[in-house]
Amino acid sequence: MKSSLYFGLFAVFVTNELMGQGQVPPAQKRMIDSIKKVYIREAAIRSVSLRQVMVSTDFVSNADINGKLYGNNLFDGKISQIRTSALVNVPVVAWGKNKVTASFSLFHQYFNLVSNKVYMPADINVHDTAMNKVTVGVSASFQRVDSLFGRRVIYTGSLTVLSDDYRLAQKISFLGGMIFQLKQTRTTNVSLGLLLNVDPAVNIPVLPLFVYWHMFPNKLELDISLPQRIGVRTALSKRSWFTFGSAIAGSVSFFRLSHAVLPADASFSSVDLKTGPGLEFRVGKLLMLGVNGGVLTPLTSRQYERNEKSNKYFLSNNISTIPYANITVSLLPF
């Protein structure tokens, strides 16, 4: 979940208030739809995840890496990575206070490992390795905006399938829950939420959310979305913005292993903390270009048997904090 989800849903709130429960004349409906589109595009400018199409590439420089197999030192070396993520959001249907969206994702990771020292027997090959891994995903999401106890509430649910083989669903997960809006004005948004994460690899199935967004008189925006990100943003012009903050990002890929002491089907997951500045530019009506960078701190890097909990890993990597750079190209909602 991103905090800017609530900016997008604010457009739905405005539309619901304007339309009420009765019939709306065609001319008024066109005006309402136009107002709604403005709000949705403004929300998408603040958040890449709300855009119709997004392609983002991370370039991660050589980092020190120490790998451990079942808790024992396996190798020391250097690793460099190039990660590309692509996302396409497709509105499917909307009626009343409800909306269904389909999303298609692709994650490509190229990594180059150079081993300086190998501790384990030579039959486990961790010598110099270059590899490409691709994970594709399909998601179906449902959202309903309603009220409860006199407060606006967002009900949300998303079913996601991930795989690197079109013939097989290698991971199926569900994320759903409710988010209460405590305050919403033109300059401030405060929300609390609780999500249920049904995922065979997740150790904590319930996730609390806290969202705070505020625009100060000088137009500086503070965006806090815990536990995912915190940052500030300011406009340099009508078509350019500067940001600075920290955000958590994760990835999943799949492996088929053929060693006797290792599981045949394995998942590999990583969680990183990215911190640094960024610049974004709006080109034309829909195109957004972004560049950012800073330091990347790997929090976890683990391999475990598919459908097991991620804390039951057989391979773990300790990777040093390293510089990174990112380029993003995206399209605002059509």
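Just so we're clear, the structure is a prediction, and the values are computed from it rather than from any experiment.
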Would you give the length of the straight line joining atom OG1 of T321 to atom CG of L273, rounded to the nearest 0.5 angstrom?
8.5 Å
Side chain to side chain donor-acceptor pair (under 3.5 Å) test vs S158 passes for just one of S141, S139, S103, namely S141
Using the side chain to side chain donor-acceptor pair (under 3.5 Å) criterion, which residues pair with R302? Sequence neighbours excluded.
none
Can you classify the ring geometry of F149 versus F180 as parallel (below 30°), tilted (30 to 60°) or perpendicular (above 60°)?
parallel
We want to know whether S251 and S270 form a side-chain donor-acceptor pair, criterion being a heavy-atom distance below 3.5 angstrom.
yes
Can you confirm whether the side chains of N203 and S310 place a donor and an acceptor under 3.5 Å from each other?
yes
Could you report the tightest heavy-atom contact between L50 and N89, atom names first, then the distance?
C-ND2, 4.4 Å
Looking at CG of L162 and CG of L168, how far apart are the two atoms once the value is rounded to the nearest 0.5 Å?
11.5 Å
Test: D58 and K274 ion pair at under 4.0 Å:
yes
Report yes if some heavy atom in the side chain of V100 is under 4.5 Å from a heavy atom in the side chain of W95; otherwise report no.
yes
For V198, the side-chain contact (heavy atoms from CB on, under 4.5 Å) test, sequence neighbours excluded, returns F174, L196
Residues forming a ring-ring contact (aromatic ring centres under 6.0 Å, His included) with F216, sequence neighbours excluded
H214
Please output the side-chain donor-acceptor pairs of residues 235-242 that fall under 3.5 Å, not counting sequence neighbours, one pair per line with the distance.
from: S237; atom 1: OG; to: R239; atom 2: N; distance (Å): 3.2
from: S237; atom 1: OG; to: S240; atom 2: N; distance (Å): 3.3
from: S237; atom 1: OG; to: S240; atom 2: OG; distance (Å): 2.7
from: R239; atom 1: NH1; to: R282; atom 2: O; distance (Å): 3.4
from: R239; atom 1: NH1; to: G284; atom 2: O; distance (Å): 2.6
from: S240; atom 1: OG; to: S237; atom 2: N; distance (Å): 3.4

Assess whether side chain to side chain contact (heavy atoms under 4.5 Å, CB included) is satisfied between T156 and M178, documenting all intermediate values.
CA-CA 6 Å; T156 180; M178 55 175 43; over 6 Å; no
Report the distance from atom CG of L182 to atom CZ of F210, rounding to the nearest 0.5 Å.
8.5 Å
Judged by modelled atom types alone, do T328 and N326 share a side-chain donor-acceptor pair under 3.5 Å?
yes
Heavy-atom distance under 4.5 Å between the side chains of R83 and F107, does that happen here?
yes
Once salt bridge (Lys or Arg N to Asp or Glu O under 4.0 Å) is applied, do any residues pair with D76, and if so which ones, sequence neighbours excluded?
none
R51 meets the salt bridge (Lys or Arg N to Asp or Glu O under 4.0 Å) criterion, sequence neighbours left out, with E280
Just by distance, do the side chain of N218 and the backbone of L220 share a donor-acceptor pair under 3.5 Å?
yes
Drop me the distance from M215's CE to E221's CD, to the nearest 0.5 angstrom.
4.0 Å
When you group the ILVMFWY residues by side-chain heavy-atom contacts below 4.5 Å and let the links chain together, are F255 and I65 in the same group?
yes
Would you say Q52's side chain and L331's backbone share a donor-acceptor pair under 3.5 angstrom?
no
Are the side chains of R41 and L286 in touch, meaning some heavy atoms are under 4.5 Å apart?
yes
Tell me, please, which residues at least two apart from K68 pass salt bridge (Lys or Arg N to Asp or Glu O under 4.0 Å).
none
Can you sort out the partners of A169 under side-chain contact (heavy atoms from CB on, under 4.5 Å), two or more places apart, ordered by chain and number?
V161, I172
Path from F268 to L262 over hydrophobic side-chain contacts below 4.5 Å:
yes
Count I, L, V, M, F, W, Y as connected when their side-chain heavy atoms are under 4.5 Å apart, and connections chain through other members. Are V190 and L226 then in the same cluster?
yes
As an exercise, state the distance from OG of S301 to CG of N66, rounded to the nearest 0.5 Å.
11.0 Å
Hydrophobic cluster membership, F111 vs L315, 4.5 Å side-chain cutoff:
yes
Partner set under side chain to side chain donor-acceptor pair (under 3.5 Å) for Q303, not counting sequence neighbours
none
Any side-chain heavy-atom pair from V329 and L289 closer than 4.5 angstrom?
yes
Which distance, rounded to the nearest 0.5 Å, do you find between the CD1 of I248 and the CD of Q228?
7.5 Å
Assess the residue pair R233 and R46 against the criterion (side chain to side chain contact (heavy atoms under 4.5 Å, CB included)); give the C-alpha distance rounded to whole Å, side-chain angles, the decisive distance to 0.1 Å, and a yes or no.
CA-CA 9 Å; R233 175 179 180 269; R46 291 186 171 96; 3.9 Å; yes
If you count heavy atoms of other groups shown closer than 6.0 angstrom to OH of Y166, is the number above 12?
no
Is there side-chain contact between M288 and I45, with heavy atoms separated by less than 4.5 Å?
yes
With P200, which residues qualify under side-chain contact (heavy atoms from CB on, under 4.5 Å), at least two apart?
N307
Does some side-chain heavy atom of R256 sit less than 4.5 Å from a side-chain heavy atom of D164?
yes
Residues which pass side-chain contact (heavy atoms from CB on, under 4.5 Å) with E305, listed by chain and number, not counting sequence neighbours
P263, E308
Residue pair Y304, N311: steps toward the side chain to side chain contact (heavy atoms under 4.5 Å, CB included) verdict:
CA-CA 8 Å; Y304 46 92; N311 62 353; over 6 Å; no
For T188 versus Y212, what's the shortest heavy-atom pair and its separation?
CG2-CE1, 4.1 Å
Find out whether the Lys NZ or Arg CZ of K171 is both under 6.0 angstrom from the six-membered ring centre of F254 and within 45° of the ring's axis.
no
Might you confirm whether atom NZ of K183 has over 12 heavy atoms from other residues, nucleotides or ligands at distances under 6.0 Å?
no
Starting from F75, can I reach I79 by hopping between I/L/V/M/F/W/Y residues whose side chains sit under 4.5 Å apart?
yes
Just by distance, do the side chain of K309 and the backbone of V202 share a donor-acceptor pair under 3.5 Å?
yes
Below 4.5 Å, heavy atoms only, C-beta onward: do T300 and Y313 meet side chain to side chain?
no
Would you mind reporting whether T160 and L175 have side-chain heavy atoms less than 4.5 Å apart?
no
Can you check side chain to side chain contact (heavy atoms under 4.5 Å, CB included) on V88 and V90, steps first, answer last?
CA-CA 6 Å; V88 179; V90 181; 4.0 Å; yes
For R151, enumerate each residue passing the salt bridge (Lys or Arg N to Asp or Glu O under 4.0 Å) test, keeping only those at least two apart in sequence or located in another chain.
none
